[in-house]
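Here the structure is laid out as C-alpha cells; the discussion comes afterwards.
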Amino acid sequence: MSSPALSFGSAARLYDSIRPTYPVQAVAWAIGAEPVRVLDLGAGTGLLTRALRAVGHEVLAVEPDEQMRAVAAERHPGTRVLAGSAEDIPLPDESVDAVVVGQAYHWFTPQDALPQIHRVLREDGVFAAMWNIRDDRTPWVAALSGIVGSEGDGLEIAWPYGPVMPWFTDPERGLTEHTVIVPTDRLIDLVRSRSSYLTADAAEQARLDREIGELAATNPALAGRDSIEMPYRTCVYRMRRV
C-alpha cells in the first residue's frame with residue numbers, strides 16, 4: 001500500500017465515528033445473502049465488517065495499519081483482525097469464499113494484489129470492491145465537493161483500474177443509493193477523516209476548516225440544521241475467480 005493509504009491511523013477513531021457503513025443491499029449484490037466465510041481486505045476500522053457480520057457472514061479482517069486494526073478489534077470482538085496487506089495476505093490458499101474491499105482497492109498494487117486475492121479464494125469464489133461515493137447530484141453536496149474535491153473518479157461509469165484477467169472475470173458494476181445522517185457540525189470531521197486532509201499542510205487544512213464552516217453556516221440546505229441526510233451511491237464491482 002502507498003503511504004497516503006497509511007495516513008488514516010492517526011485519525012482511526014475519527015474515521016470510525018464519521019465514515020458511512022455499507023448498505024445491506026450492496027453487500028447482498030456483491031456476495032449473495034447466504035452466509036459464507038469472507039475476507040474483509042484493507043478493513044480499516046471494520047465499517048464493512050460491521051455490515052457483513054450484520055447479515056450473518058463469518059468475517060476475517062486484514063489491515064496493515066496498527067491503529068486501524070486496534071479499533072476494528074475493539075469494535076468487533078470475535079472477529080479475527082490480522083496484520084497484513086493486499087499484496088501479502090496472511091491466509092492459507094483457498095481459505096475463504098469471498099474477498100471484499102471497502103474504500104481501499106485504489107490503494108492496492110493490482111499486479112501484486114490480484115494474484116494474492118485469487119490464491120486465498122476458493123474455486124468460483126467472489127471478489128468484490130466497493131466504494132461509498134457522495135452523490136453530487138444534490139446541490140449542497142456538489143458545493144461540498146467543490147471545496148474538498150469530488151469522489152469516485154468515474155467509478156459509477158466503468159472500472160478504472162486495469163485488467164483483472166487472468167485471475168478474475170470482467171468486473172460487473174452494481175449501484176445502490178442510500179443516505180446517512182450526519183450532524184451538520186461534523187461535516188468538517190468527515191473531511192478531516194480523508195487522506196487528502198491528513199496529508200495536507202497546515203495552510204490547506206486551515207482553508208478546508210474555514211470553507212467547510214462557512215458552507216455549514218450559510219448554505220440554505222445546511223444553515224440552522226442540527227443534522228443533514230448525506231446521499232451516497234455505493235458502487236460495487238463484482239468478479240469471480242477464474
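Nothing here was measured: the structure is a model prediction, and the numbers come from that model. Residue numbers start at 1 and run along the sequence shown.
If you check the side chains of Arg134 and Ser145, you find a donor sitting under 3.5 Å from an acceptor. A side-chain N or O of Asn132 and one of His178 form a donor-acceptor pair less than 3.5 Å apart. Looking only at atom types and distance, the side chain of Arg53 has a donor-acceptor partner in the side chain of Thr79 under 3.5 Å away.
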- Item | CA sep, side-chain torsions, deciding dist, call: Asp16, Leu47, side-chain contact (heavy atoms from CB on, under 4.5 Å) | CA-CA 7 Å; Asp16 187 70; Leu47 294 173; 3.8 Å; yes
- Test side-chain contact (heavy atoms from CB on, under 4.5 Å) applied to Ile89 and Leu41, step by step: CA-CA 8 Å; Ile89 300 174; Leu41 183 59; 3.9 Å; yes
- Task: Could you walk me through whether Met68 and Arg13 pass side-chain contact (heavy atoms from CB on, under 4.5 Å), step by step?
- Result: CA-CA 8 Å; Met68 300 288 267; Arg13 293 191 180 279; over 6 Å; no
- Could you walk me through whether Arg19 and Ser193 pass side-chain hydrogen bond (donor to acceptor under 3.5 Å, both in side chains), step by step? CA-CA 8 Å; Arg19 287 294 188 103; Ser193 75; 2.7 Å; yes
- Message: With side-chain contact (heavy atoms from CB on, under 4.5 Å) as the criterion, how do Arg186 and Ser17 come out once you've worked through the C-alpha distance, each side chain's angles and the decisive distance to 0.1 Å?
- Response: CA-CA 10 Å; Arg186 294 205 66 197; Ser17 72; 2.9 Å; yes
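Both Val38 and Val236 are part of a single hydrophobic cluster, where members link through side-chain heavy atoms under 4.5 Å apart. Both Leu91 and Tyr105 are part of a single hydrophobic cluster, where members link through side-chain heavy atoms under 4.5 Å apart. Residues Val96 and Leu114 share a single hydrophobic cluster, defined by chaining ILVMFWY side chains whose heavy atoms lie under 4.5 Å apart. Cluster annotation: Met130 is connected to Val55 through the hydrophobic network of ILVMFWY side chains, with a link wherever side-chain heavy atoms come within less than 4.5 Å.
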Exercise answer: donor-acceptor pairs, residues 155-171 side-chain atoms, under 3.5 Å, sequence neighbours excluded:
unit_1: Trp159; atom_1: NE1; unit_2: Gly162; atom_2: O; d: 2.9
unit_1: Thr169; atom_1: OG1; unit_2: Arg240; atom_2: N; d: 2.9

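Tyr232 belongs to a hydrophobic cluster whose remaining members, ordered by chain and number, are Ile18, Trp140, Val141, Leu144, Ile147, Val148, Val180, Val182, Leu187, Ile188, Leu190, Val191, Tyr197, Leu208, Ile212, Leu215, Leu222, Ile228, Met230; membership requires side-chain heavy atoms of ILVMFWY residues under 4.5 Å apart, directly or through intermediates.
The closest side-chain heavy-atom distance from Ser196 to Glu204 is not below 4.5 Å. Ser95 is listed as a side-chain neighbour of Arg37, based on a closest heavy-atom distance under 4.5 Å. Counting only heavy atoms from C-beta outward, the side chains of Phe127 and Tyr237 never approach each other to under 4.5 Å. When side chains are defined from C-beta on, Ser195 counts as touching Trp107, because their heavy atoms get closer than 4.5 Å. Proximity of Ile133 to Thr234: side-chain heavy atoms (C-beta onward) are nowhere separated by under 4.5 Å. Looking only at side-chain heavy atoms (C-beta outward), Ile31 and His57 come within less than 4.5 Å of each other. Using a 4.5 Å heavy-atom cutoff, the side chains of Glu177 and Arg137 are in contact. The side-chain heavy atoms of Leu39 and Val62, taken from C-beta on, include a pair separated by under 4.5 Å.
Between the side chain of Thr184 and the backbone N or O of Arg225 there is at least one donor-acceptor pair closer than 3.5 Å. Using modelled atom types, no side-chain atom of Glu58 and backbone atom of Val36 make a donor-acceptor pair closer than 3.5 Å. Side-chain atoms of Ser85 come within 3.5 Å of backbone atoms of Asp88 as a donor-acceptor pair (strictly under, hydrogens ignored).
Around the CD atom of Glu229, the shell of radius 6.0 Å holds no more than 12 heavy atoms that belong to other residues, nucleotides or ligands. Under a cut-off of 6.0 angstrom, the local environment of CD in Glu74 is crowded, with over 12 non-hydrogen atoms contributed by other residues, nucleotides or ligands. By the 6.0 Å contact criterion, CZ on Arg80 is open, its count of non-hydrogen atoms from other residues, nucleotides or ligands being 12 or less. Annotation: Asp226, atom CG; neighbour count of heavy atoms from other residues, nucleotides and ligands within 6.0 Å does not exceed 12. Within 6.0 Å of CD in Glu123 there are 12 or fewer heavy atoms belonging to other residues, nucleotides or ligands.
For the atom pair Asp189 CG and Tyr15 OH, the distance stands at 14.5 Å (nearest 0.5 Å). For the atom pair CG of Asp136 and CZ of Arg233, the computed distance is 10.0 Å after rounding to the nearest 0.5 Å. For the atom pair CD of Gln116 and CZ of Phe108, the computed distance is 11.5 Å after rounding to the nearest 0.5 Å. In this structure, the separation between CG on Leu82 and CZ on Arg69 is 9.0 Å, given to the nearest 0.5 Å.
Taking each heavy atom of Gly56 and Pro35 in turn, the nearest pair found is O-CB, 3.4 Å. Taking every heavy atom of both residues into account, Pro90 and Gly84 meet most closely at CD-CA, 4.1 Å. Closest approach of Ala61 and Thr49 over heavy atoms only: CB-OG1, 4.2 Å. Taking each heavy atom of Arg241 and Leu121 in turn, the nearest pair found is NE-O, 3.0 Å. Annotation for Arg192 and Leu14: closest pair CB-CD2, 3.8 Å, computed over non-hydrogen atoms. Taking both residues in full, the closest heavy atoms of Val126 and Ala30 are given as CG1-O, 3.3 Å, listed atom of the first, atom of the second, then distance.
For the side-chain hydrogen bond (donor to acceptor under 3.5 Å, both in side chains) criterion with Trp131, the lone passing option out of Glu151, His106, Gln103 is His106. Residue Leu48 forms a side-chain contact (heavy atoms from CB on, under 4.5 Å) with just one option from Val100, Thr21, Val59, and that option is Val100.
Salt-bridge check for Arg238 with Glu172: passed, with a basic side-chain N closer than 4.0 Å to an acidic carboxylate O.
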